[in-house]
Amino acid sequence: MSKRSTAFRLSFYISTAIISVLLIVIFIVYKSSHNLIENDIEKSAVTQSMPVVTEIRKNVVSTQELTKNIARQIPYFAAKGDIEHLTRSIISNYIQLQAIHVNLKKNIFPDEIINYSAYRENDSIIFLTSSDQIAICEEELSQSNKITSQGISGWTEPFICDASHEPVSMYCYPIKIGEAGNEKEAGYVMIELSLTFLNKLIQDINTGISGFSFLISSEGTYLTHPQKEWILNHNIKNLSDSVYHGKRNDLNRVLEGNTSGYFVAYPRLLNHKKSWVYYTHIPENNWALIFVLPFSELYSDVWMLLFKLIIVSLAGIIAIFFLVSYISKRLMNPLAQIALEIHEFSSAGRLEVSKNEVETLEKSYALIQAWYNKFSSESEKNKQSSKHLQRELEQASEIINSIIPTGSPELKGAGNIEIFSAYKPVNIIGGDFYDYFLLDEDHLLIVIGDVSGKGISAAIFMGVAHTLLRSKTSEMTSKKIVETVNKELFKKNQHQYFLTLFVGVLDLKTGFLNYCNAAHTTSMVLRNNGEIVELKGSHGLPLGLYTNRKYDDDVTKLNENDVLFIYTDGITETIDVNGNLFTEKRLKKILLELINETPENIIKEVETKTNLFRGRARQVDDYSMVALKYRP
């Protein structure tokens with residue numbers, strides 16, 4: 001080497017150094033890309049699975065909530081003889097439901113027919129009644145008895161009914177009657193969730209070219225699968241060792257845990273190709289959603305990147321060798337060449353090239369700096385857009401709060417009453433509302449309601465209901481007001497929301513209160529003689545579900561210094577850290593100690609006791625309260 005020319009040796013050493021660095025860079029880029037893809041796989045799977053998990057949980061939770069709601073309403077509908085209408089309307093509105101069964105106890109319900117079933121058969125809904133328990137198939141009866149015989153609520157093991165040939169899982173919930181703390185079981189409501197519906201939902205997931213996803217039960221049974229004949233007929237635990245390569249502990253983590261994770265498997269459906277398996281759980285019934293993606297697809301990008309890097313590197317090595325040789329011979333030419341290339345990159349030939357390379361570099365730097373400033377400006381605009389959305393939500397909250405009177409507002413012309421109220425939504429905006437205003441100089445309207453659901457949609461529905469109440473109060477009786485508002489709400493209710501409502505019309509001169517309770521919580525009158533009178537009885541269904549429904553009303557009299565206390569179920573359904581409910585019984589006990597207090601003290605004390613009961617637990621529902629003291 002020493003006999004070679006200096007230019008050759010300089011070229012050789014510089015080329016060797018650059019090529020070595022280039023190879024190191026290629027290796028680092030490859031490893032980094034490999035690691036990034038490996039790290040992003042789980043993030044991608046989580047992101048991809050979240051909408052599906054959300055949809056599955058929504059269907060599971062909505063099935064549970066529908067079962068509970070029907071169980072609470074069955075005593076009313078049974079008394080009205082309207083169970084068929086209730087079950088038919090619900091199964092028509094929720095396509096994921098396969099069947100609804102209502103079984104009542106003979107010693108509590110005297111009617112001969114105490115068992116009802118509504119189920120899908122092709123495109124029709126069949127409704128059956130019987131004096132004996134109804135079951136479409138023996139498996140349905142067997143699975144439901146495992147839950148109902150224990151007097152609890154819960155999900156059955158999934159099964160296929162021989163009659164309908166439809167794979168389902170059933171949620172059972174007891175019907176109870178009586179006051180809180182002294183309830184007795186009066187029967188059961190059972191709703192079947194269609195696994196065919198969930199299978200279609202899951203198979204619509206984009207899992208690459210040959211990847212797939214499926215749902216399994218806590219016992220490992222396939223609830224959904226790309227091969228439909230596997231559903232409820234195969235179990236993931238029975239797969240051969242060739243699928244797991246002897247590492248069945250990975251499968252145990254899926255079945256025994258309640259977290260998310262991943263492992264490597266070789267599924268038969270992909271001809272035993274090495275695959276990446278991600279799993280996450282549905283907490284309500286401990287099902288697991290599983291994604292399977294072959295490594296050949298996951299790492300295809302990084303392998304293609306490596307191939308391109310090798311091709312580019314070979315071309316670069318050849319070019320570098322000749323370039324370094326040229327630089328060694330012409331030391332000054334590279335500066336001009338570099339300046340020219342930077343200039344072309346930054347200005348795309350729009351500026352004249354200066355003979356002063358330093359000046360050319362300065363101009364190019366100024367253009368690049370301008371590009372950077374533009375990028376920073378666009379980035380700042382995106383941040384401002386996010387802040388704007390937050391302000392929009394806050395403004396929506398302010399608008400809603402402005403239509404709900406809080407504290408102790410002055411009602412001109414109603415000097416013989418004292419009133420105080422409180423309102424606290426779970427989120428920025430909520431679905432509770434109340435109002436009170438004079439219909440004329442002798443009558444005060446007081447109203448409180450609770451919209452099903454939470455968030456923006458519930459708040460909009462609440463706003464519509466509030467506006468209707470303000471604009472449709474030409475009638476002076478509570479039931480007429482409720483009937484009018486229900487009819488208007490039904491016309492505007494496109495998303496199947498409903499509203500529980502208490503409406504009272506108080507004669508300020510006589511103290512007579514005409515009221516209508518549309519499936520709302522029980523209101524109370526705190527008598528000045530030390531007793532509490534509950535305004536029990538529901539005068540009709542929630543608003544917004546049925547048009548032209550008729551409602552009843554009642555009348556009670558407020559004596560001097562009596563207090564009317566109305567509230568939403570966010571108070572009685574407050575949950576502490578152990579999952580215990582606040583209950584109406586606890587509320588009544590607190591109110592007994594506050595009978596001679598002012599409305600403000602009553603509201604604040606109830607709110608304080610509720611917050612102390614909840615402790616560090618999260619507030620799960622909006623709540624509202626209004627207390628009115630009558631002083632003729």
Side-chain angles (χ1 to χ4, degrees), residues 52 55-56 58-67 69-71 73-74 77 81-104 113-145 147 155-173 188-205 213-217 221-234 285 287 494-496 545-546:
V52 184
E55 280 298 315
I56 294 174
K58 183 176 77 174
N59 283 281
V60 170
V61 172
S62 66
T63 301
Q64 294 181 179
E65 291 302 316
L66 283 170
T67 311
N69 289 338
I70 294 173
Q73 297 179 42
I74 279 298
F77 281 94
D82 211 10
I83 291 180
E84 178 177 359
H85 180 75
L86 173 66
T87 55
R88 278 184 178 272
S89 63
I90 290 176
I91 204 170
S92 298
N93 290 331
Y94 295 89
I95 61 174
Q96 71 271 32
L97 303 185
Q98 179 64 25
I100 300 176
H101 307 291
V102 178
N103 297 334
L104 306 178
I113 297 176
I114 57 173
N115 296 283
Y116 308 84
S117 288
Y119 63 92
R120 295 185 190 278
E121 187 173 281
N122 298 325
D123 295 329
S124 302
I125 297 175
I126 309 300
F127 185 78
L128 301 176
T129 61
S130 175
S131 59
D132 298 318
Q133 186 171 355
I134 301 172
I136 310 304
C137 59
E138 290 187 8
E139 185 66 19
E140 185 178 83
L141 184 62
S142 173
Q143 290 294 338
S144 63
N145 284 342
I147 303 295
W155 286 93
T156 67
E157 279 297 310
F159 61 91
I160 297 178
C161 187
D162 293 336
S164 64
H165 304 291
E166 184 72 24
V168 297
S169 183
M170 182 189 299
Y171 185 74
C172 307
Y173 193 84
Y188 259 87
V189 175
M190 296 161 286
I191 294 185
E192 296 177 8
L193 175 61
S194 170
L195 298 183
T196 301
F197 176 86
L198 296 184
N199 193 42
K200 183 179 184 305
L201 187 73
I202 294 173
Q203 300 316 315
D204 287 340
I205 305 171
S213 54
F214 55 89
L215 195 67
I216 62 172
S217 72
T221 303
Y222 290 103
L223 305 181
T224 70
H225 199 273
Q227 295 184 333
K228 294 183 179 179
E229 62 272 15
W230 284 33
I231 297 176
L232 298 189
N233 292 320
H234 286 71
N285 46 20
W287 293 349
Q494 299 179 355
H495 300 288
Q496 291 298 304
L545 295 177
Y546 307 99

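Both backbone and side-chain heavy atoms feed into the values below; hydrogens, waters and symmetry mates do not.
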Expected output: side-chain Thr224 to main-chain Leu215 donor-acceptor under 3.5 Å = yes
Interatomic spacing from CG in Asn115 to OG1 in Thr129 - rounded to 0.5 Å = 9.0 Å
Taking all heavy atoms of Gln203 and all of Ser213, pick out the closest pair and write down the distance.
-> NE2-O, 3.3 Å
To the nearest 0.5 Å, what is the distance between OH (Tyr188) and NE2 (His101)?
-> 15.0 Å
Check the angle between the aromatic planes of Trp230 and His234 and answer parallel, tilted or perpendicular using the 30° and 60° thresholds.
-> parallel
Heavy-atom side-chain proximity of Leu223 to Leu232 below 4.5 angstrom = yes
Atom CD1 of Ile100 and atom OG1 of Thr67: how far apart are they, to the nearest 0.5 Å?
-> 8.0 Å
List the atom of Ile147, the atom of Trp155, and the distance in Å for their closest heavy-atom pair.
-> CD1-O, 3.8 Å
So CD1 of Ile91 and CD of Gln96: to nearest 0.5 Å the spacing works out to 10.0 Å
Working to the nearest 0.5 Å, report the span between NE2 of His225 and CD1 of Ile216.
-> 10.5 Å
Donor-acceptor pair, side chain of Arg88 and main chain of Ala118, under 3.5 angstrom = no
For the pair Thr196 and Glu166, evaluate side-chain hydrogen bond (donor to acceptor under 3.5 Å, both in side chains) and give the outcome as yes or no after the intermediate values.
-> CA-CA 7 Å; Thr196 301; Glu166 184 72 24; 2.6 Å; yes
Looking at side-chain heavy atoms only, is the closest gap between Leu86 and Tyr116 below 4.5 Å?
-> no
Scanning both residues in full, the closest heavy-atom pair of Leu97 with Arg120 reads O-NE, 2.6 Å
Does atom CD of Gln227 have more than 12 heavy-atom neighbours, drawn from other residues, nucleotides or ligands, at distances under 6.0 Å?
-> yes
Please check if any side-chain donor atom of Glu65 sits under 3.5 Å from a side-chain acceptor atom of Asn69, or the reverse.
-> no
Decide yes or no on side chain to side chain contact (heavy atoms under 4.5 Å, CB included) for Val60 and Trp287, but give the supporting numbers first.
-> CA-CA 11 Å; Val60 170; Trp287 293 349; 4.3 Å; yes
Within a radius of less than 6.0 Å around OH of Tyr94, do more than 12 heavy atoms belonging to other residues, nucleotides or ligands occur?
-> no
Can you spot which of Ser169, Ser217, Ser142 makes a side-chain contact (heavy atoms from CB on, under 4.5 Å) with Glu157?
-> Ser217
Pairwise side-chain contact, Tyr171 with Asn285, heavy-atom cut-off 4.5 Å (strictly under) = no
One should read off an interatomic distance between Ile114 CD1 and Asn103 CG, to the nearest 0.5 angstrom, of 8.0 Å
Which atom names give the shortest non-hydrogen contact between Pro167 and Ile231, and what distance separates them?
-> CB-CG2, 4.1 Å
Gln143 (side chain) donor-acceptor with Pro158 (main chain) under 3.5 angstrom = no
Test log, rule side chain to side chain contact (heavy atoms under 4.5 Å, CB included), inputs Tyr119 and Leu128 | CA-CA 9 Å; Tyr119 63 92; Leu128 301 176; 3.7 Å; yes
If you look at every heavy atom in Glu192 and Phe159, which pair is closest and at what distance?
-> OE2-CZ, 4.4 Å
Quick check: does any side chain N or O of Thr156 sit under 3.5 Å from a backbone N or O of Met170, one acting as donor and the other as acceptor?
-> yes
